[in-house]
Structure formats: structure tokens, C-alpha cells
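Step one of this worksheet: look at the structure below.
If you read the sequence from its start, that first residue is 1, and numbering goes on from there. Just so you know, these numbers come straight off a predicted model, no measurement behind them.
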Amino acid sequence: MRLTQTSDLWWKNAVVYCLDVETFKDGNDDGIGDFRGLTQQIDYLAGLGVTCLWLMPFFPTPNRDDGYDITDFYSIDPRLGTLGDFVEFMRTAKDRGLRVIADLVVNHTSDQHPWFKQARSSKDNPFRDWYVWSDTPEPDDPKQVVFPDKENSFWELDKDSGQYYLHSFYKHQPDLNVGNPQVRDEITRILGFWMELGLSGFRVDAVPFLIQNVSPKLPDPHDFLADLRAFMSRREGSSILLGEVNVPYDEALTYFGDGNGTELTMCFDFIAMQRAWLSLARSEAEPLASALRERPKPPKDCQWAMFLRNHDELTLDKLTDEERQEVFDAFGPSPDMQIYGRGLRRRLPTMLGGDLRRIKMAYSLLFSLPGTPVIFYGEEIGLGENLEAEGRMAVRIPMQWAPEGGFSKAEPDREMPGGAYAPERVNVAAQKRDGDSLLRWFQLLIERYRECPELAWGEKRVLDCDHPAVLAHRCDADGATVLVVHNLSDTAADIELTLEGLAHCRLTDLLTDAVFDVGEDERVELPLDPHGSRWLRASAPDVPPEDASVKSQ
Ligand code: NOJ
Ligand code: CA
């Protein structure tokens with residue numbers, strides 16, 4: 001594939017690294033991470049090979065939802081630094097070739113936002129209609145409540161006015177009303193402001209809620225997303241919208257818009273993510289394989305974003321009750337590991353019992369699945385969780401840089417895990433010196449992933465495989481093929497595959513130095529270790545594998 005093409009649509013094979021400035025690195029020794037600390041770690045991130053940083057909310061906030069409750073969309077939480085620190089960070093990231101996107105949380109504000117304070121001050125206030133009010137809200141379905149441990153309704157009575165306001169999430173997060181053109185204008189200004197400061201786009205929080213719960217209803221709620229996309233394209237053609245859209249595939253597809261993609265550039269694939277966990281729980285390829293087969297193709301310039309864990313609970317809401325229970329039994333059997341009746345508040349390594357081979361296989365799977373991989377800070381070193389912390393905060397612990405912690409010279413604001421996941425056992429410094437570490441494995445996977453643009457761009461096919469624990473898929477683009485196989489079980493597997501069109505080709509394992517030849521009957525035998533994986537580039541016997549993905553034309 002031509003690099004001129006892949007870099008033009010850079011997001012299609014980006015490696016996105018999500019981090020919270022607050023938990024990454026403290027630069028002024030007050031126990032709270034900040035932009036100065038993060039800026040000092042830019043070389044670490046560039047060295048890891050990630051290409052795009054996603055910053056979780058860094059705006060002023062009363063912090064009742066870890067920053068997803070904003071009181072000013074145009075400045076920086078003073079605990080994290082100043083706008084000056086932010087610009088210095090952006091400049092340094094750009095210098096190392098890293099793009100930056102940020103959370104766009106405009107479904108709601110904090111109830112402490114000046115707009116909401118104005119809005120609730122009287123029914124005649126010009127800001128009243130910036131939020132969604134009702135005298136007699138429709139009764140709501142308790143099953144739809146997002147945080148059932150804290151809330152039991154979407155509506156909260158504002159005692160002074162006797163009206164109810166809508167809050168799709170916590171009651172301290174009143175929903176903004178994008179049915180109001182002034183609100184839509186203001187959101188556009190927010191995008192424009194941060195793009196002017198160098199952001200390459202946004203991770204859009206809670207997209208379906210944002211466009212649906214408005215008053216009056218928009219004639220077509222998707223028009224608003226299309227308007228945002230058009231605005232961004234006018235200002236900066238290569239900027240992206242990466243949407244949090246946890247809905248079934250056919251519905252998710254509508255969020256990309258038409259043609260080459262007129263709405264969201266990327267959507268997180270919550271379906272494949274949940275089925276991947278079911279596959280891991282069963283050591284069976286089928287749940288994930290069927291998700292990949294069902295997954296619709298996004299419009300030409302768009303892309304699915306793949307992830308295994310993020311900053312929220314590992315939601316399993318799209319599995320059946322029985323399937324969810326299987327994942328709970330395998331990876332979070334005790335009630336304090338579970339949350340909201342639908343998810344797990346754990347990180348990946350603890351769920352996989354600390355089994356390094358299995359953990360490495362899971363990440364090999366993540367990077368090789370068609371789509372853009374998104375990782376959550378600390379995944380590259382196998383950070384654990386702190387179940388003592390409240391709710392989803394369990395996974396939002398400080399980054400572990402060194403045996404003594406290395407996050408801050410002061411006592412960190414948030415606790416680090418103990419035992420097998422304590423900083424003495426899990427940290428960047430030690431893993432940098434260990435060739436077999438998870439960190440080195442991530443670097444290798446990222447390097448290979450970037451060398452195999454076919455994985456992201458290609459026509460994907462899930463292959464028939466004679467072994468239930470093995471997922472085999474291939475991606476073809478511009479006459480080049482990458483084949484990937486993963487053994488989800490803890491016993492070795494010998495598999496045989498038919499590779500259409502690849503008779504007499506050579507398969508070079510890009511993770512080891514093994515080579516396999518495809519017979520004239522298009523069949524190949526591949527041995528796999530327990531939890532083994534292979535990324536195989538196909539080439540004609542006389543073509544070096546490095547030249548099989550044509551880069552120069
Ligand atoms: C989704 C975010 O990922 C989550 O952390 C947050 O609590 C809700 N949206 C509300 O903003
Ligand atoms: Ca600090």
C-alpha cells in the first residue's frame with residue numbers, strides 16, 4: 001500500500017492512546033498529574049509507537065464524574081496546568097509527530113456550569129432553553145438508566161421552578177439541548193477553539209444521547225453530526241470525530257453518515273469488543289468470528305475503532321444474560337469486581353489471571369483485528385486495578401513509571417495497587433530493560449501493525465478453521481495479503497488453512513522468524529503454541545516480504 005495514501009487518511013491505521021492528564025505524570029509534585037508532567041513523557045509515547053493521543057477531559061470541573069462534568073469548555077482545569085502548559089504540550093507532541101484528540105463532552109454540562117446556573121435561575125432566562133425541561137416527564141424505563149447504582153430516573157425536579165430537567169447520566173449532569181440552534185452554534189465554537197490550538201479531532205462522548213434527547217426534536221438528529229463534520233472539514237480536512245456509539249451494528253452504521261462518511265469518522269466497535277471477551281472466556285473463536293462477519297463495512301473513508309478495555313466499566317450489555325454470566329464467571333466472579341449489573345471494573349491483565357502468554361495473545365489480537373486499535377494508558381505495561389477505589393475509578397489509577405511509583409514525588413492523589421500489581425512489580429523502567437516484557441511486546445506489535453496497513457485498510461475475511469480455539473483472518477489490499485492466526489486456548493494447536501489465491505506463496509511470520517510455504521492446493525499447515533499468535537505476510541517466493549506491500553508507487 002502507498003504510504004502517501006495511508007497517511008492522508010491517517011486515522012484508518014492510527015494507534016490511539018487514551019490517557020488522563022490527571023493520572024499520567026505529576027510535573028509539580030503536588031500528587032496530581034498535569035500537562036507539564038505529560039509533556040516530559042512525550043518521548044516515551046513516541047517511542048512506544050502510538051500515533052495519536054486521546055486526552056480524557058481536562059477542563060475545569062467539580063469532578064463528580066472524573067471530569068466528564070464540565071464547568072468551562074474553553075479552559076484548563078487549574079489542577080492540571082494552564083492554557084500555556086497545554087499549548088507547550090501540543091507543540092512538543094507535534095514535534096514528535098503525535099496527533100492529539102480530546103474528549104468532547106457536550107451531551108451535558110456540570111450543574112455548576114454558569115449556563116445551567118443561569119438556566120435554572122428563572123423560566124425566562126435566555127439560557128433556560130439550553131437545557132431540556134418538562135412539566136410532566138414521560139415515565140422512564142429503569143433498565144435504561146446508565147448509572148443504576150446512583151440514579152433511578154433521567155429526570156430531576158428543579159424545586160424552584162417546579163419543572164424537571166433531563167439528565168441522561170448523573171443528576172448533576174443536565175443534558176444540553178442541541179434542539180436549540182444557539183447550543184449547536186456554541187458546540188461548533190468549542191470545536192473551532194480547540195482545533196485552532198492544534199487538536200486533530202475529538203472523541204465524542206455519548207453520541208446517541210447527544211442527538212436524541214432534545215427539544216424540539218430535530219427533523220433528522222443526524223443532520224447535527226453532519227453539520228459538525230462539515231464545519232471541521234472546512235477548518236481542517238484531516239480532523240476526525242471518534243464516536244462513543246454503543247448500539248447494534250446496523251444502527252451504528254448510520255452514525256458514519258453516507259458516501260465517504262459525512263458524520264463520525266470512526267465509531268468504537270462495542271460489539272466485537274464484547275464478543276472478544278466472550279471468546280476469551282470460552283477459549284473459542286466463534287463469538288468474535290461471528291461479530292467480525294456481521295460487522296458492516298463503514299463508508300470508504302471511515303473506520304471502526306477496536307479496543308479491549310477503556311476507562312469505563314468493561315460493559316457486557318450487548319451479550320445475552322447467559323453470555324454475560326460466562327464472562328463474569330471467568331473474569332470477575334466476585335461482586336466487587338462487577339458493576340451496574342452489566343460490567344466489570346477491572347483491567348485486562350488481572351482478568352486474564354496475570355498469565356503473560358495469554359495477555360500477549362489478547363493484545364496481538366487487538367492490534368491485528370481490522371480497525372484502528374485504541375489502548376488505555378498503562379495497558380502496555382499490564383497495569384492492574386485498585387478495587388478499593390469507588391466504582392469505575394478502580395481502573396483509573398496512576399501510571400507506574402518506576403519501582404517506587406514514579407508518578408509523583410508527593411503522595412499520589414489516587415492509590416496504586418498492591419501485591420502482584422504494585423509498582424515494584426509492574427513499571428515502565430523495569431520493562432524497558434526486559435526484552436520479554438509486555439512493553440516490548442507492545443512496541444513490536446505497534447511496529448508491525450504500522451508495517452501492515454492491509455490490516456486496517458484491507459478487505460477482511462474470517463477464514464474457516466478446523467480448530468474451534470483458533471481465529472484466523474486475512475486482510476487483502478492492493479494485491480498484498482496479511483494473514484493472522486490466534487490460538488485462544490492454553491494447549492498447542494496445529495491448524496490447516498486454505499488460502500485462496502496464495503498457492504506457492506511464502507508466509508513470513510512477522511513476530512518470529514518462521515517461514516511457511518503454501519502448497520499448490522492453496523493449503524498450509526501452521527503450528528501454534530498455547531495462546532500463540534502469528535502474523536504472516538504473504539509474498540511470492542522471489543519477493544522479499546518487506547517488498548510485498550508496495551509502498552513506492
Ligand atoms: C461516557 C464516558 O466514557 C463516561 O466516563 C462518562 O461517565 C459518561 N459518558 C458521561 O459523560
Ligand atoms: Ca501536579
Side-chain angles (χ1 to χ4, degrees), residues 7 10-11 14-61 63 66-68 70-105 189-203 232 235-236 238-242 311 374-378 380 396 398-402 405-410 412-414 428-429 432 446:
S7 73
W10 63 270
W11 55 90
V15 178
V16 181
Y17 187 96
C18 168
L19 67 89
D20 186 357
V21 178
E22 189 175 345
T23 54
F24 202 61
K25 178 79 182 174
D26 177 15
N28 67 352
D29 307 336
D30 65 355
I32 302 172
D34 46 48
F35 276 104
R36 291 193 181 192
L38 168 60
T39 308
Q40 281 302 113
Q41 305 309 106
I42 288 282
D43 278 330
Y44 165 77
L45 295 165
L48 181 58
V50 301
T51 65
C52 176
L53 307 180
W54 152 22
L55 305 185
M56 287 167 63
F58 50 76
F59 314 95
T61 172
N63 227 359
D66 200 20
Y68 284 88
I70 296 170
T71 52
D72 179 1
F73 290 99
Y74 295 102
S75 62
I76 306 281
D77 182 342
R79 296 172 316 134
L80 310 183
T82 64
L83 212 43
D85 295 331
F86 174 82
V87 170
E88 286 299 296
F89 153 73
M90 289 297 295
R91 196 208 67 83
T92 315
K94 191 172 168 199
D95 178 65
R96 303 305 202 273
L98 292 172
R99 290 181 178 269
V100 183
I101 63 172
D103 250 290
L104 179 73
V105 189
R189 255 190 298 278
I190 295 168
L191 295 178
F193 179 83
W194 292 104
M195 286 171 71
E196 215 54 44
L197 294 184
L199 286 190
S200 290
F202 303 88
R203 176 266 187 188
M232 290 173 71
R235 294 268 170 113
E236 171 53 65
S238 68
S239 57
I240 62 156
L241 290 173
L242 163 58
H311 61 288
V374 182
I375 53 176
F376 183 42
Y377 77 94
E380 72 277 23
R396 303 175 185 180
M399 182 63 176
Q400 296 175 179
W401 296 101
F407 164 72
S408 175
K409 293 203 182 85
D413 212 31
R414 301 185 191 181
V428 171
K432 273 189 174 177
I446 293 174

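- Side-chain contact check for L45 versus L19: some heavy-atom pair is nearer than 4.5 Å.
- In this structure, M399 CE and D26 CG are separated by 15.0 Å, a value rounded to the nearest 0.5 Å.
- Counting heavy atoms from C-beta outward, L104 and I190 have side chains that approach closer than 4.5 Å.
- The aromatic rings of F59 and F73 sit tilted relative to each other, their planes meeting at an angle between 30° and 60°.
- Between P412 and P398, the shortest heavy-atom distance links the atoms CB-CG, 4.2 Å.
- Side chain of W11 to main chain of S239: no donor-acceptor pair is present (N/O by atom type, distance under 3.5 Å, no hydrogens or angles).
- With a 6.0 Å radius and a threshold of 12 heavy atoms from other residues, nucleotides or ligands, R36 has its CZ atom at or below the threshold.
- Proximity of the aromatic rings of F202 and W194 is defined here by a centroid distance below 6.0 angstrom, and this criterion is not met.
- For the residue pair V50 and L98, the shortest heavy atom distance occurs at O-CD2, 3.0 Å.
- Put simply, the side chain of T23 reaches to within 4.5 Å of the side chain of R414, judged on heavy atoms.
- At a threshold of 4.5 Å between non-hydrogen side-chain atoms, the residues E22 and N63 count as touching.
- When side chains are defined from C-beta on, H311 counts as touching M56, because their heavy atoms get closer than 4.5 Å.
- Side-chain atoms of D30 come within 3.5 Å of backbone N or O of I32 as a donor-acceptor pair.
- Using a 4.0 Å cut-off between a side-chain N of Lys or Arg and a carboxylate O of Asp or Glu, D43 and R96 qualify as a salt bridge.
- Looking at D20 and R396, no side-chain N of the basic residue comes within less than 4.0 Å of a carboxylate O on the acidic one, giving no salt bridge.
- Separating the CG atom in L53 from the CD1 atom in I42 is a distance of 5.5 Å, to the nearest 0.5 Å.
- Under the 4.5 Å side-chain criterion, counting only non-hydrogen atoms from C-beta, V21 is not in contact with I76.
- Side chain of D413 to main chain of G31: no donor-acceptor pair is present (N/O by atom type, distance under 3.5 Å, no hydrogens or angles).
- No donor-acceptor pair closer than 3.5 Å links the side chain of R203 to the backbone N or O of I101.
- No side-chain donor-acceptor contact under 3.5 Å links E88 to the backbone of F86.
- Checked by atom type and distance alone, the side chain of D34 never pairs as donor or acceptor with a backbone atom of G81 at under 3.5 Å.
- Judged purely by distance below 3.5 Å, without hydrogens or angles, the side chains of Q41 and Y377 never pair a donor atom with an acceptor atom.
- A donor-acceptor contact shorter than 3.5 Å is absent between the side chain of W54 and the backbone of V16.
- The two residues G33 and F407 make their nearest non-hydrogen contact at N-CZ, 3.4 Å.
- With rounding to the nearest 0.5 angstrom, the OG atom of S200 is 6.5 Å from the CE atom of M90.
- Applying side-chain contact (heavy atoms from CB on, under 4.5 Å) to L55 and the options F24, F89, Y17 leaves one that passes, F89.
- In plain terms, the two heavy atoms of P57 and Y68 that are nearest each other are CD-CZ, 3.4 Å.
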Apply side-chain contact (heavy atoms from CB on, under 4.5 Å) to D77 and F58, showing your working. CA-CA 6 Å; D77 182 342; F58 50 76; 5.7 Å; no

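- Across G406 and W401, no two heavy atoms sit closer than the pair O-CD1, 3.5 Å.
- To the nearest 0.5 Å, the span separating CG on L199 from CE on M232 amounts to 9.0 Å.
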Stepwise, does the side-chain contact (heavy atoms from CB on, under 4.5 Å) test hold for E380 with Y44? CA-CA 12 Å; E380 72 277 23; Y44 165 77; 2.6 Å; yes

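- Checked by atom type and distance alone, the side chain of T71 pairs as donor or acceptor with a backbone atom of P60 at under 3.5 Å.
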